Amino acid sequence: MRSTIQSALALTLLAAPLLAGDGRLAIRAGKIITQAGEAIIDGTIVIENGRITAVGAEVEVPWDVEVLDATHLTAFPGFVEAHGNRGMDRPNENIDVAPFLNIRDSIDPVNFYFEDSLRWGVTTINVQQGASCVIGGQGMVVKPFGMTVEEMLVRPASGIKLSASPKSGKSRATQAQALRKAFTELEHYLAGLVQKQKDGDDSARREALYQGRDLDSEEAREGRAQAGSAAWTVADLELIPRGEIDEKQAPLLDLVEGRIPAWFYCGAPMDVRVALEVARKNGFLAQTTLVLASSCWKAADEIAEAGVPVVLSAALMHIERDPVTGEEIETFVPKVFKEKGVRYALASSNQSTQSLWFQAASCVAQGMSRAEALAAVTTVPADILGLGKRVGSLEKGKDGNVLLLSGDPLSVTSFVEYVVLEGSTVYDRSKDVRMRHLLEGETPEGTAPAGSEEPKVHEHEDEVVTEEEPVDAGEDKE
Amino acid sequence: MSRRSTFNRVAPNRVALAALAALSIIAAPAGAEPATRTAPDDGDPAAESSEQYLINAGRVIVRPGEVLENVRILVRGGSIAALGRDVEAPEGIEEISGAVVCAGFIDPWSALGVDAGSLRDQRTEPATRTADAIDVHGQRHLRREALRAGVVAARVQAGGLARVGGVGAVVRLNPDLSAAEALVLPDAVLAMSVGLSRGGGAMDVFDRQGEVDRVRGALDSGLAYRQNEVEYRYDLEEWEKAMAEKEADLEKDFKKAKKDRDKGLAKAEEDDKEFKEKKYKEDKKPRKPSFDSNKAALARAAHGELPLVVQVHRAAELRELLKATAGVDRLRLVLAGATEAESVAETLVERRVSVLVAPSLARSDARDEWAGADLGLAGRLEQAGVEVLLGSGGETPDLTRDLPLLAASAVGHGLEREAAFEALTIGAARSLDVADQLGTVEVGKSADILVLDGAPLLGTTSVQYVFSAGRLVVTPQN
Amino acid sequence: MLILSLALASLAPASKPLAPVSEVFAIRAEQLHLADGTVLENGLVLVDGDTIAAVGSGVSVPAGAALVEHAGHLTTGLIALGEHAGGSGELRDSTRTVLAGGRLAHAFAPGHSQLEALLAEGITSLVLAPSAGSLSAGCTAVVKSAGDTVVSERAQLHIGLSSASLLSNRRPTSYSGALRDLEALLSSAHGDFGAAARGELPVLIEARSRHEVQRAVAFVAEHKLRGAISGAPLAGELAADIAAAGLSVISDPRSPGASQRSIDALLSLAEAGVPFGFKLASPARHANTLRMGVALCVRRGLSPATALRSLTVDAARIAGVDERIGALATGRDADLVLWSGHPTDLTSSVKAVLIDGQLVYGEL
């Protein structure tokens, strides 16, 4: 409770002087890493209406645009988190199949996670509901800034979460059974609707014949035939207007028709096969991204064959013990996928210290190239999210999401000094209250770090002492 | 502790195979018998293994009791392509010599290669498929060891220890196969158990009887479901016929009906009264029974399309179970465990119920239902005329490798050697409905065969080569 | 040859009356297994009373002596080390960590049903050993599985140097404490410990893990003891050290499902020339486990002859009773097993078992 209030307080403090919210900004940076070509030294980025209108070394800045002097800093596109499950308030449902749930109802804008994301430079986040589910709800892509979910919205309906890994109370066999059952029930439901419609039409026709009525020419039904590449098709689905389809089943139909992306979680290599089979059979393989646990590198061949992209877990090094010799075997997961030609995006760990930059740096530490590592946290996740034209690099026409770093993006000593979201400076480290308290011990006026004024309650119940200052050798005690 | 990073599988030992090419060919005496049989050249060779081998065998045990001397076997395209004295050796083919060739062993009660959680799941349903829980990535060394011991395939069961298990699958144990290649029969048997105390307290008599009733009840619900389907189809046909006739009649009378109606409408306008349409009544369409995957699976078992394996030990439950299932005519019952089956041996012989024995050296914790190891059980049952199968017990994956040794122990305690060999090969294949692919050495069958240096199941005999789906997976070198 | 009868043994439940064949008789078997590994075809054993009078191919059968023809294999009775059959509750004193002068022979219950299970597997002698949990529970005893013969009531001195020997509620609770106590006992020079220190009595040292085995080897070398290490599944990985110390190994039972690594460890022992035998620990383990362990080794490449030795002559040597049992040789006890096939082949069944010249199982 207290921390929520304080974070809200802090956010307000951060936000107030900085929301020069007209989406127009020019940034002069000492170095601009665009992720779309060579780095630019001493360049300028111009953002108007939230979009980058120019980026380069010799750029003309309109006279009325505010200039952010970052000539001592490095500009970098905001990191893109392709799949996350933090930032929600009471996210998980207990029912097996809940595709009708939408995350807009559970995203919590003041969740500490979003505030922290700005510190680490993550500017685009796909929040997916349903960490423990068979078929979970629908997620959305947000930016970690805004007082309401609507303000945070970047793209709604970013996809439905499915899981081949069993939720609690299930085993893999029963989880797969529930997955298949969901789609079989959809098929039966739709077939039932169609049949009911047809039966009704037939009956109505006979009634009219009996009554000697000319049947009114049929109004154009607003339904659509089943689209997509599923292995099963419900004939004559065009007889059913889409609005008549139960809202609990409609999102699944959208999934089957390939209209929404799918995020399929696999907790073990054997889950990959089930996930790909279910996706293929039900027509959404082309829209599927697999979200993998670290052991799933063993299924890399199958994944490469299916041609789907993956989001890797935060644990990049998979360690297991050889059952015969007892030796420890370490496998660096991103390397495996690179070898097999699978597109992969990195994900932050739930520990706030291992955000996307750290994952990318780990890849470089293990011998992968900078370009590969940085792409896995910017352009690749942007593509996977279908936002490749909007985020992931600093190019003309893309969203003005810029990080200003005190050093190289992969260096552990770099700080995120400023974050610009769609042309507005939403984070300024010099005004970051928590950071300053942590690093410098400062407590700016009007804010109080959590816990400093809480009464100290001692063990002995009859002696509740509230102290405002540290006790000084008991002299001042009564 | 040494650490090695790896993400490459080890390729089969091609050097060893090259060495085989130097072996001399056993001269095939020109004789009248046996006739050389060749498989028709159908099937997609690219789909199966592209390896081919020629085996020069001193003796081939085609099936128990049928032995051929000095023949050659051509393995190609995953199956036994030719068998006989005059089989031609294509240029450059790998040649292997061996004293005895026989079918690979099958463990019809195994826990190897399936996800452990699914094995132990107590909440499986008849429609849960073990094929979804096959783990091709795990237990690789155990499966390789099983192959080396001559066990080429196994039945695995989700919910193997549950009251109601799922649909079991027959898989090849070769760890280099994909799931699709490994699955010999994805939906092979249905499994249940009666009277297992599962580590809790002893069950009382009424609970035990209740479990038998539940088995019968489940089968009955399956029968009823199928019956409903059949009746529905019949009723639907009748109704559709009637409706077609009715519609034809209505169309005939339409003109008249229309005239009458116009007259009626005019009259109503005259009288300034509301026109009431004629009431139309028709027989309701028969309601389609809702799809129930569990009942559908039970129906398959009740109609004998899938064998039903019931794990049960005590004489009382065995008697009750046999009584309760006596009325289900086409049921193919297999009793697993059946420690006290001798008491019902006559009924078993009469009703052709097989018994799946797990020869074991283990002590039982649940003395109430299972007195513990009885190596002589298989022999005694076989002598009473019951068809005996041998399995490793379905709880410990490691035991599948040692099934041949346990079978040998059973032989040492009274089981006929031929019966043991039959149980491990064609007996298991027949009970699991995979006899078209496994269990004997015949042209057209899948090449899952062993090359031994002596008679099978002898202590002095060792396995020299093992073929799995036509690929050479075990050689004396590895 | 004295048969030691103990006062307590006479209080044991009356053993089954044994069926004598005749005073002098002979058995001719198609395959007769001698201690050195040779197999005599149509070899003959001549039994006089409870002893083997002669063994060989050309042994003449005296007039009036019955001659049994056996179409199968004949061996001496198998020996199970580390046994608990019939001894429930008597295998360890739970209050004393060192039971100086303790005799496991007191736990012998002739005629107990658990002993009968051993006969069906061809096991004629067993070494009663203590269960884990004490530093020294006394001396193991070698007894026969039928009748009331105690072959030796002071076979090996038990020493527990594994973590299972150390309990937390009783001294010693640490390895150092255990070693100190043992050294004190060994230097006392009287009783069983004195005999062991002088090399007169072999020791049985319990050790489980790798470093426990190394500690045991060092202990034996330091105090110039002789004997065997018991209970280390991967002892074979230290085969060279064990061989150098002149020790033998008593292997844990190997059941189906045993890891290849543990089987390979036994093969390493054989390669290094370390004699080993098998613990059975029935009734917790099925009696067939003895032959199963051997079959697992043979499948992995151990020669059947070495495998048979581990159940007969090597086991007898480890228990210090190789002058009485463990081989088909003149003067040894007439403990014989008639098999349908090779004894290390699991498909062979036991046709008959004789102990001290009496038929105790099966038919001739």
Side-chain angles (χ1 to χ4, degrees), chain A residues 164 166 169-177 179-181 184-185 187-188 192 195 199 202-214 268-274 277 295-302 317-319 322-333 335-336 339-340 366, chain B residues 1-9 114-121 123-125 127-142 158-159 166 178-180 243 246-247 249-251 253-262 264 277-282 285 288 290-291 293:
Chain A
K170 285 202 190 296
S171 65
R172 292 202 144 82
T174 43
Q175 178 86 1
Q177 183 191 8
L179 270 172
R180 294 184 199 277
K181 187 169 169 191
T184 319
E185 286 190 345
E187 187 187 347
H188 285 282
Q195 191 58 50
D199 292 344
D202 288 346
S203 187
R205 187 177 65 246
R206 283 190 286 271
E207 185 187 48
L209 282 175
Y210 176 73
Q211 292 171 346
R213 245 181 329 119
D214 286 311
M270 56 180 287
D271 294 339
V272 170
R273 176 179 66 95
V274 171
E277 238 177 70
S295 60
C296 295
W297 65 265
K298 296 184 185 175
D301 285 323
E302 285 173 70
M317 184 69 84
H318 180 242
I319 304 177
D322 185 316
V324 179
T325 62
E327 271 180 40
E328 263 190 13
I329 306 173
E330 288 186 340
T331 314
F332 193 66
V333 175
K335 270 196 198 159
V336 177
E339 291 263 317
K340 306 279 181 181
Q366 290 287 331
Chain B
M1 209 180 307
S2 68
R3 290 175 176 197
R4 63 175 203 271
S5 290
T6 174
F7 45 88
N8 279 317
R9 287 207 185 84
V114 68
D115 165 57
S118 302
L119 190 70
R120 287 191 292 268
D121 193 351
R123 291 198 268 182
T124 45
E125 297 176 322
T128 310
R129 294 177 71 230
T130 310
D132 290 333
I134 304 292
D135 186 2
V136 294
H137 300 280
Q139 297 174 332
R140 298 178 68 91
H141 72 288
L142 281 180
S178 70
M243 282 302 127
K246 187 162 195 176
E247 210 165 306
D249 289 340
L250 286 174
E251 286 194 358
D253 298 335
F254 178 65
K255 279 221 182 77
K256 180 174 184 299
K258 183 166 179 158
K259 251 199 291 187
D260 288 342
R261 182 170 181 271
D262 289 340
E277 303 276 7
K278 280 196 292 182
K279 262 213 147 199
Y280 174 65
K281 269 212 237 157
E282 65 177 13
K285 185 176 182 180
K288 185 174 180 169
S290 56
F291 175 69
S293 54

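Quantities reported herein were computed from a predicted structural model and do not represent experimental measurements. Proteins get letters first, then strands, A, B, ... in listed order; numbering begins at 1 in each.
Between chain B and the residues R205(A), H318(A), E302(A), the most heavy-atom pairs under 4.5 angstrom are made by R205(A). Looking only at heavy-atom pairs under 4.5 Å with chain B, the residue among S171(A), A164(A), A176(A), G169(A) that has the most is S171(A). Looking only at heavy-atom pairs under 4.5 Å with chain A, the residue among M243(B), K256(B), K281(B), R120(B) that has the most is M243(B). Among the candidates A179(B), A158(B), S178(B), the residue making the largest number of heavy-atom pairs closer than 4.5 Å to chain A is A179(B). The candidate with the highest count of non-hydrogen atom pairs below 4.5 Å against chain A, out of V136(B), I134(B), D132(B), L250(B), is D132(B).
Only the side chain of Q195(A) comes within less than 4.5 Å of a heavy atom of chain B; its backbone N, CA, C and O stay farther away. At a 4.5 Å heavy-atom cutoff, the contact between S203(A) and chain B is made by backbone and side-chain atoms alike. Of the two parts of K285(B), only the side chain, counted from C-beta on, holds a non-hydrogen atom closer than 4.5 Å to a non-hydrogen atom of chain A. Of the two parts of A208(A), only the backbone, made up of N, CA, C and O, holds a non-hydrogen atom closer than 4.5 Å to a non-hydrogen atom of chain B. Using a 4.5 Å cut-off between heavy atoms, K279(B) contacts chain A through its backbone alone, with no side-chain atom that close. Using a 4.5 Å cut-off between heavy atoms, R213(A) touches chain B through backbone and side chain atoms alike.
Closest heavy-atom contact between A173(A) and R129(B): CB-O, 4.0 Å. Closest of all the heavy-atom pairs between R273(A) and A131(B) is NH2-O, 2.6 Å. Smallest separation of non-hydrogen atoms from H137(B) and K298(A): CE1-O, 3.2 Å. Considering every non-hydrogen atom in both S118(B) and R172(A), the closest pair reads OG-N, 3.4 Å.
Between Y280(B) and Y210(A), the ring planes lie tilted relative to each other; the angle falls in the 30° to 60° range.
Among the candidates D121(B), T124(B), T128(B), the single residue satisfying the side-chain hydrogen bond (donor to acceptor under 3.5 Å, both in side chains) test with T174(A) is D121(B).
By the salt bridge (Lys or Arg N to Asp or Glu O under 4.0 Å) test, R206(A) is found to be paired with E247(B), E282(B), residues two or more places apart in sequence or in another chain being considered.
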